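Notes to accompany the following structure.
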Amino acid sequence: MTFTSGQRVRTRLIVRPGHCRLPLYARGRVGTIAAHRGDFPLPDDIVRHGSTAPQHLYSVRFDARQLWGPNAPDHVVHLDLFESYLEPLDSRRRP
Amino acid sequence: MTDAVPTPSRHGDHPTAPMARRIAALERLLVQRQALTEEQVDDVLEAFTRQLGAHHGAKYVARAWCDADFRRRLLDDATQVVRDCGYDLAGATNRELPFLNLVAVANTANVHNLIVCTLCSCYPVPLLGPQPRWYKSNEYRARAVREPRAVLAEFGLHLGPDVEIRVWDSTADCRYIVLPERPHGTEHLTENELAALITRNCLIGTDVPRHDSPHTR
């Protein structure tokens with residue numbers, strides 16, 4: 001699905017086996033879509049198949065406390081994440 | 001528990017000497033087997049040490065400080081601006097490297113931006129030059145997203161508690177460059193003089209441009 005700026009999303013815990021550009025520290029976390037960066041081939045598939053159809057890439061904003069817990073410092077981290085790494089916050093599926 | 005971000009030694013020791021010897025041996029072998037020439041190696045070294053570099057990024061920032069329309073275009077679509085202007089603002093160096101997907105992020109009175117690549121060491125090499133060793137270190141990559149304020153303090157940059165620190169983890173195709181705030185008291189400086197205030201660390205976010213006004217000397 002396509003996400004819109006301001007939409008809250010959750011990153012998946014398990015995306016796919018092998019290479020993935022969703023860092024472990026940001027798995028299963030709630031963030032907000034900040035921008036659509038464009039459409040790019042998915043690196044996870046390039047390493048396996050040599051090419052892939054482009055996928056939406058989003059800048060997603062996370063509060064540090066969402067990433068590191070309630071005692072974390074007060075800063076913000078943006079990650080560039082592919083659509084297949086994300087699901088809507090109100091999804092009823094297990095992460 | 002956390003290790004300090006490594007900084008360059010002042011005493012000229014070379015912790016990468018074993019790696020440098022291996023690379024020299026590989027180079028000799030490749031040249032001997034005619035897989036490449038010494039001139040090709042020199043051309044690449046020339047590109048990375050002289051042609052590319054933070055002097056390019058600095059010129060982009062200085063122009064953005066002087067030209068409000070350029071600043072707006074840079075923040076809106078930095079990739080297109082570099083496509084139009086070239087890495088060196090003269091259109092001359094676009095063809096040597098794969099093209100840059102660039103995003104410029106602006107510092108304000110209330111926001112300070114910091115760039116990292118936790119997965120490897122991505123950043124806009126054509127505009128900043130090769131990555132410094134500390135940027136590639138496990139310590140920086142782990143701590144920049146976890147405790148950026150403490151990391152910046154170790155670089156000598158102390159930000160007020162009201163300043164939001166925004167860390168950009170370069171996890172995909174985009175490369176990030178910080179557009180710092182213009183220091184006070186620089187209204188009389190030319191664009192070239194302004195560019196001289198902007199270091200590579202200012203473009204990564206571990207420093208800010210500084211200017212000593214003649215009035216304070």
Side-chain angles (χ1 to χ4, degrees), chain A residues 3 5 9 11-12 15 18-27 29 31-47 51-86, chain B residues 2 75-80 83 98-108 110-124 138 141-153 157 159-178 205:
Chain A
F3 298 103
S5 284
V9 292
T11 55
R12 296 182 185 275
V15 182
H19 181 59
C20 178
R21 298 280 302 182
L22 172 57
L24 291 177
Y25 78 84
R27 302 229 175 179
R29 303 301 194 215
T32 306
I33 301 289
H36 175 215
R37 288 282 182 236
D39 300 338
F40 297 90
L42 188 69
D44 320 23
D45 283 347
I46 292 174
V47 297
S51 67
T52 182
Q55 195 173 106
H56 292 322
L57 180 71
Y58 298 97
S59 174
V60 185
R61 176 185 165 109
F62 298 86
D63 290 334
R65 282 158 196 173
Q66 170 64 217
L67 297 174
W68 308 112
N71 297 324
D74 185 17
H75 60 277
V76 165
V77 184
H78 280 248
L79 284 80
D80 285 337
L81 301 176
F82 288 93
E83 188 175 294
S84 59
Y85 300 169
L86 306 171
Chain B
T2 54
L75 293 176
D76 188 50
D77 189 350
T79 300
Q80 187 60 50
R83 220 175 248 138
F99 204 73
L100 195 55
N101 280 294
L102 187 66
V103 177
V105 289
N107 287 352
T108 68
N110 300 312
V111 173
H112 183 88
N113 296 284
L114 179 65
I115 315 304
V116 67
C117 177
T118 63
L119 292 173
C120 39
S121 61
C122 306
Y123 91 173
N138 292 334
R141 288 159 55 208
R143 295 180 61 212
V145 288
R146 178 69 178 83
E147 45 180 9
R149 200 173 291 271
V151 170
L152 291 176
L157 185 59
L159 299 171
D162 55 329
V163 177
E164 174 183 283
I165 297 179
R166 210 171 272 176
V167 184
W168 300 84
D169 191 356
S170 318
T171 48
D173 296 75
C174 297
R175 303 289 173 261
Y176 288 85
I177 186 170
V178 175

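Bear in mind the structure is a predicted one, so any value in this text is a computation, not a measurement. Proteins get letters first, then strands, A, B, ... in listed order; numbering begins at 1 in each.
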Which atoms of [X] are under 4.5 Å from chain B, going by heavy atoms: the side chain, the backbone, both sets, or neither?
X     : value
A:L79 : both
A:P43 : neither
A:Y25 : side chain

Part of [X] within contact of chain A (heavy atom distance under 4.5 Å):
X      : answer
B:V103 : side chain
B:R149 : side chain
B:T79  : neither

Donor-acceptor pair, distance only, cut-off 3.5 Å: does the side chain of [X] make one with the backbone of [Y]?
X      : Y      : value
A:T52  : A:D45  : no
A:Y58  : A:F3   : yes
A:R27  : A:T11  : no
B:D169 : B:T118 : yes

Quick one about A:D44 and A:H19 (side-chain donor to acceptor, distance below 3.5 Å, no hydrogens or angles considered), yes or no? no

Mind ranking A:R61, A:R37, A:H78 by heavy-atom pairs under 4.5 Å with chain B and telling me who comes out on top?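 The residue among A:R61, A:R37, A:H78 with the greatest pair count is A:H78.
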
Could you tell me the separation between the CZ atom of A:F82 and the CD atom of A:Q55, rounded to the nearest 0.5 Å? 7.0 Å

